[in-house]
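Contents: one structure, followed by commentary.
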Amino acid sequence: MTAPLRRAHRRIWLALAIVLPLILASGLYLAQSPPAINAHWEISR
Amino acid sequence: MSLEYRAIYWNRDKRIYDAILGGSAGLYLAVFIGTSALLYPTATAETLIIRGAGTLAVLLLHVILAIGPLCRMNACFLPLLYNRRHLGVTMFLVALVHGAFSLIQFHAGGDVNPVDSLLKGNSFQVPGFLALLILFAMAATSHDFWLHNLTPPVWKALHMSVYLAYALLIAHVGFGALHSETNPLYALLVGLGMILLIALHLIAAQRSRDQEVAHRNDFIEVCRVDDIPEKRARIVSLSGERVAVFRYDGRISAVSNVCQHQNGPLGEGKIVAGCITCPWHGYQYLPDSGAAPPPFIEKISTYRVKVIDDRVLVHPAAHPPGTRLEPACCR
């Protein structure tokens, strides 16, 4: 791996270290509310 | 320059790698589906396949993303890196099974086009669908043909979108599976996998950075002269870069270990007719300058080398590709 590519990887993972826990935490927070239904599927029944 | 172009076929090592990979994936699915069928007798076969393939795809993606930093920290993981694309294609196929069965089970029974229903339905499915599209683009271009025709920088940029796919996958799991599966163990496992990957990548990056800073002005002892067989190389890692140190005709030169053609491991090749010859496709470079012999134009980085009392020392700063450096004498 070349030095610029290594730096790009480092920046990407620093960003992911912030974004990924936020995504997971949001998902878990919303999991406390009832899941949304698939409107199309419900209409088709 | 190619001494003799020869496409890479399935050799013995690749067959063993693929057999272990296929066997492990099959075993995982068999155990997962078998156990789930016993624990949840009311679940349909489609549901068990969706869950088995989904969890396997997530697991495989974690393994794939861990290989890079593990190789930078320890060279013994390198054989995994050379065949990582097989792992990636397998992961895509498993994810495709998960996606196809989900589409049939949850969207094919209504009066709306299944894809339309997916895009307008539950929000967690859209990130999963987008991740699958990225994985498809990567799997479809994983062959050397595309690496050659897209050129290595474009190909690498395309394949770095795996990080976006991973973020989409976390959203897909976080907003989907973890909603229906309320057992905290599942959230814990997903969180642990994520933390492990982030930690591995950041630790590997920090180590490379530390080495780069610490050795910026120092020659580093890499081996003894006798450790390098005549007309062969020893591969060493300097500041996170893999460097091939070649010994030939009483001289020693160091070049980047990465072939410009398809990133082949030059240090596993040998010197043929005075040129470093890549073991993958026979591309050649002069050991003192890293330049392909005229009329060819490929160039690789070179490194300064010293020999003191039978010890080989290499400076970690890479010189621009094609820069001629005086080889060290080792007679």
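Note: hydrogens, waters and symmetry copies are ignored here, and every other heavy atom, side chains too, is used. A, B, ... follow the sequence lines: proteins, then strands. Residue 1 opens every chain.
Put simply, CH2 on A/Trp13 and OH on B/Tyr166 are 6.0 Å apart, with the number rounded to the nearest 0.5 Å. Distance check: B/Phe175 CZ to A/Leu28 CG gives 9.0 Å after rounding to the nearest 0.5 Å. Separating the CD1 atom in A/Ile23 from the CG atom in B/Leu169 is a distance of 10.5 Å, to the nearest 0.5 Å.
In terms of non-hydrogen atom pairs under 4.5 Å with chain B, the most contact-rich of A/Ala17, A/Ala15, A/Ala8 is A/Ala17.
Taking all atoms of both residues into account, the shortest heavy-atom contact from A/Gly27 to B/His179 is O-NE2, 2.9 Å. Contact between A/Leu16 and B/Ala167 at its shortest, heavy atoms only, is CD2-CB, 4.2 Å.
Counting heavy atoms from C-beta on, the side chains of B/Leu178 and A/Leu24 come closer than 4.5 Å.
Looking at B/Ile195, there are no atoms closer than 4.5 Å to chain A (heavy atoms on both sides), in backbone or side chain. Heavy atoms of B/Leu202 lying under 4.5 Å from chain A belong exclusively to its side chain. Of the two parts of A/Ile12, only the side chain, counted from C-beta on, holds a non-hydrogen atom closer than 4.5 Å to a non-hydrogen atom of chain B.
B/His201 and A/His9 have parallel rings, their planes meeting at less than 30° on a 0 to 90° scale where 60° marks the start of perpendicular.
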